[in-house]
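One structure is given below, encoded as structure tokens.
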Amino acid sequence: MMRTYWTTGLVLMAMIGLGLTPSAAPQAQREQPKPTIKRVPVRPIESIEGKESFVAYCAVCHGKGGKGDGPAAPALKALVPDLTILAKKNGGTFSAVDVQATISGTNKWPSSHGSSDMPMWGPVFRSLQPETGMVMLRVRNLVDYIESIQVK
């Protein structure tokens, strides 16, 4: 959000410096196309550690630090959640059960909240490695990693 204000401010300052006004800018320059997401097949990684799985599968949207600022975030319909404040938003308690259900795809969003852009990783992980125990371990490790990045 802050980056948008800075970018807008810099663009306006540059336009003023060049003697342009926003209304004088050509129509094509004023209307920036919305970024799109290039969908690619999920590639398996060898590690099942939480941090490595997060970087490989989650950081594209949530960002490497989990703050919702990944490179694909601007192309999504909804704001990508900041995963570092889940406990803070839940009265100081991290709900591992809810996070696990969200990652696994068993946490069904009410229709009033719109659709979720987030993939249901449980089925994706099963397609990469059909062994149920390994899928559950990968999800659990992701949950543990997300818990480890909670702000204090």
Side-chain angles (χ1 to χ4, degrees), residues 1-14 22 28-152:
M1 186 75 159
M2 185 63 98
R3 188 181 318 153
T4 303
Y5 289 123
W6 277 102
T7 303
T8 303
L10 289 173
V11 169
L12 287 173
M13 287 177 21
Q29 288 179 351
R30 281 188 285 156
E31 293 179 11
Q32 296 290 328
K34 184 174 178 171
T36 58
I37 296 175
K38 179 182 176 188
R39 302 206 185 266
V40 296
V42 176
R43 286 182 259 145
I45 61 170
E46 201 167 307
S47 174
I48 61 165
E49 295 301 315
K51 183 174 184 174
E52 286 84 4
S53 292
F54 187 87
V55 169
Y57 302 118
C58 309
V60 70
C61 294
H62 291 283
K64 287 187 179 181
K67 296 193 170 284
D69 58 354
L76 299 174
K77 295 176 214 161
L79 187 64
V80 178
D82 179 345
L83 299 179
T84 67
I85 59 171
L86 295 176
K88 185 177 179 180
K89 289 172 52 178
N90 193 36
T93 303
F94 180 80
S95 177
V97 172
D98 287 343
V99 174
Q100 183 171 340
T102 300
I103 293 170
S104 298
T106 57
N107 190 5
K108 302 297 181 200
W109 297 103
S111 60
S112 63
H113 290 122
S115 64
S116 172
D117 283 323
M118 184 176 137
M120 293 184 282
W121 286 105
V124 173
F125 292 153
R126 273 190 292 283
S127 75
L128 297 175
Q129 191 173 31
E131 198 175 311
T132 302
M134 292 304 285
V135 171
M136 290 172 57
L137 182 58
R138 184 181 297 275
V139 171
R140 184 65 223 177
N141 288 346
L142 268 170
V143 172
D144 289 345
Y145 176 71
I146 294 168
E147 184 172 18
S148 79
I149 63 172
Q150 297 304 294
V151 294
K152 304 294 179 209

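The residues of the chain are indexed from 1 along the displayed sequence. Excluded from the calculations below are hydrogen atoms, water molecules and symmetry mates; all remaining heavy atoms, backbone and side chain alike, are included. This is a predicted model, so every value here is computed, not measured.
Taking every heavy atom of both residues into account, N90 and S95 meet most closely at ND2-CB, 4.0 Å. The shortest non-hydrogen separation linking P123 to S104 is CD-O, 3.5 Å. In this structure, T84 and G65 approach most closely via the heavy-atom pair CG2-O, 3.2 Å. Heavy atoms only, all atoms of each residue included: L142 and G50 are closest at CD2-O, 3.7 Å. When all heavy atoms are compared, the tightest approach of C61 to V80 is O-CG1, 3.4 Å. Nearest heavy atoms, K67 versus D82: CA-OD1, 3.4 Å.
The shortest side-chain heavy-atom distance between V42 and W121 falls under the 4.5 Å cut-off.
Distance alone, capped at 3.5 Å, is enough to place a donor-acceptor pair between the S127 side chain and the V124 backbone. At distances below 3.5 Å, at least one donor-acceptor pair connects side-chain atoms of S47 with backbone N or O atoms of E49. Panel note: side chain Y57, backbone E52; no donor-acceptor pair is recorded below 3.5 Å. Under a 3.5 Å cut-off, the side chain of H62 and the backbone N or O of P81 do form a donor-acceptor pair.
Residue pairs meeting the salt bridge (charged side-chain N to carboxylate O under 4.0 Å, His left out) criterion with at least one partner in residues 130-152, sequence neighbours excluded, are R140-D144. Screening residues 69-98 for ring-ring contact (aromatic ring centres under 6.0 Å, His included), with sequence neighbours left out, gives no hits.
Interatomic distance, I103 CD1 to I146 CD1, rounded to the nearest 0.5 Å: 4.0 Å.
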